[in-house]
Undergrad: 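Below: one structure in structure tokens.
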Amino acid sequence: MIYLDNAGTTKVDSKVLESMLPFFSDIYGNASSLHSSGQVAKEHLEEARQKIASVLNANADEIYFTSGGSESDNWAIASACKFGALKGKKHIITSAIEHHAVLHTLDEMKKQGFTITYLPVYENGIVKVEDLKNAITNDTCLVTIMFANNEIGTIQPIKEIGKVCRENNIIFHTDAVQAIGHIKIDVDDMNIDMLSLSAHKFHGPKGIGALYCRKQTPLFNLIYGGAQEKNRRAGTENLAGIVGMANALEIANEEIEKVSNHETILRDKLFNELSKIPHSKINGDKENRLPNNFNMCFEGIEGESLLLLLDDYGIQASSGSACTSGSLDPSHVLLALGLPHEVAHGSLRLTLSKYTTKEEIDKTISAVNDVVKLLRKMSPVWDELQKGERNHVI
Ligand SMILES: *Cc1c(COP(=O)(O)O)cnc(C)c1O
């Protein structure tokens, strides 16, 4: 099997798994208990918090453990909105290509009377800081813009966005779920007030994540109960998951340059070879994107059929977000790049990891060539394009 869906989820690093195992056997104390087993658990919990904080250049007491990226996004946005509404500020700025964990939370805020500005991302998939400046009003209480996109991998000008938010005294949240482990992040230098991360996107376990929230930024209580997470999110901590996440992040951060170079070489090979297919197009900026992200459209074919046939070759790919597959609507991200519906349907996302090999990429290039040819042979749309009854759009 050739796994090229690492933006969907990643394999747990064996060193991470090993570090988690004692927490299912010997170290099972509850970190809230006063006896020594509890205190041992507490030490591991706080050590993990410190590790995560160090990678982000944050303080340990600014890290809150959650169940993953979706929960962190929901919490950050709902909290900033609650405190915004208290001051009568009910305007939010975001981008058109956010993950659904952000977009659907914002839909809910809209029902609560907030107005949302969706910044355009243009053909390259990147917002313009000038557009952000123009969108800010006296009512703006939150800017939430993702660090790197999960479908096309484009990286947003986070430091510049953070600076504008700080100058205007607006809370800045970023969904950094895709960026963490691939890009060095310094929350102070980048003026980030809130940041979401999720372990299963950087070779950690599923179901565990964190929210960074700057000390000065208000954060409401998400779950009532015990005193965990400074009273803000009650419930006995998932210690095995937390330790796994902290170790996964530490490893990813140590390997960041090596892995990034490895992925970039293989990813660029995919781009160079598959761009030779006529009437194909790279989606999103080619340079300013995650090192492991490949996304292209091939005219005249259906992305779904492409994925199914690639699966027959043993290649696990995606047309975009795992959350959107199964629906017939083309991806909101590809539409935001200005791609017509019929082309957005023919997209392929391949996302690499440190485990991806050159042999796998060579096999993939050959398989994609075969499958695109086969599908075009069977496609009525491609037939019309060939006969000149329909115009090429790419
Ligand atoms: C995967 C992902 C999420 C959701 O994270 P979960 O831990 O699966 O809830 C949110 N945002 C982005 C950009 C993602 O890629």
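No experiment lies behind these values; they were computed from the predicted model shown. Counting convention: from 1, in listed order, for ligands and their atoms alike.
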Undergrad: Check side chain to side chain contact (heavy atoms under 4.5 Å, CB included) between Leu306 and all other residues, then give those that pass, not counting sequence neighbours.
TA: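 With neighbours one apart ignored, the set is Phe298, Ile301, Leu310, Leu348, Val371, Val372, Leu375.
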Undergrad: Return the set of residues passing side chain to side chain contact (heavy atoms under 4.5 Å, CB included) with Lys110 (not counting sequence neighbours), or none when no residue passes.
TA: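 Checked Lys110 against side chain to side chain contact (heavy atoms under 4.5 Å, CB included); matches are Asp107, Ile116, Tyr118.
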Undergrad: Go ahead and list the nitrogen or oxygen contacts between ligand 1 and the protein that come in under 3.5 Å, distances to 0.1 Å, or just say none.
TA:
{"from": "ligand 1", "atom 1": "7 (O)", "to": "Gly69", "atom 2": "N", "distance (Å)": "2.8"}
{"from": "ligand 1", "atom 1": "7 (O)", "to": "Ser198", "atom 2": "OG", "distance (Å)": "2.6"}
{"from": "ligand 1", "atom 1": "7 (O)", "to": "His200", "atom 2": "NE2", "distance (Å)": "3.4"}
{"from": "ligand 1", "atom 1": "8 (O)", "to": "His200", "atom 2": "NE2", "distance (Å)": "2.9"}
{"from": "ligand 1", "atom 1": "9 (O)", "to": "Gly69", "atom 2": "N", "distance (Å)": "3.4"}
{"from": "ligand 1", "atom 1": "9 (O)", "to": "Ser70", "atom 2": "N", "distance (Å)": "2.9"}
{"from": "ligand 1", "atom 1": "9 (O)", "to": "Ser70", "atom 2": "OG", "distance (Å)": "2.7"}
{"from": "ligand 1", "atom 1": "11 (N)", "to": "Asp175", "atom 2": "OD1", "distance (Å)": "3.4"}
{"from": "ligand 1", "atom 1": "11 (N)", "to": "Asp175", "atom 2": "OD2", "distance (Å)": "2.6"}
{"from": "ligand 1", "atom 1": "15 (O)", "to": "Gln178", "atom 2": "NE2", "distance (Å)": "2.6"}
{"from": "ligand 1", "atom 1": "15 (O)", "to": "Lys201", "atom 2": "NZ", "distance (Å)": "2.7"}

Undergrad: Run the side chain to side chain contact (heavy atoms under 4.5 Å, CB included) test against Asn288 and tell me which residues pass, sequence neighbours left out.
TA: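 If we apply the side chain to side chain contact (heavy atoms under 4.5 Å, CB included) test to Asn288, skipping adjacent residues, the hits are Ile126, Ile155, Asp285.
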Undergrad: A side-chain contact here means heavy atoms from C-beta on lying under 4.5 Å apart; do Leu222 and Phe220 qualify?
TA: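 Side chain of Leu222 against side chain of Phe220, heavy atoms only: contact under 4.5 Å found.
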Undergrad: Do Lys11 and Tyr355 meet the cation-pi criteria used here (NZ or CZ under 6.0 Å from the six-membered ring centre, within 45° of the axis)?
TA: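 The answer is yes, since Lys11 meets both limits relative to Tyr355.
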Undergrad: Taking the side chain as every heavy atom from C-beta outward, state whether Lys269 and Lys358 have any atom pair closer than 4.5 Å.
TA: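 The answer is yes, as the side chains (C-beta and beyond) meet within the 4.5 Å cut-off.
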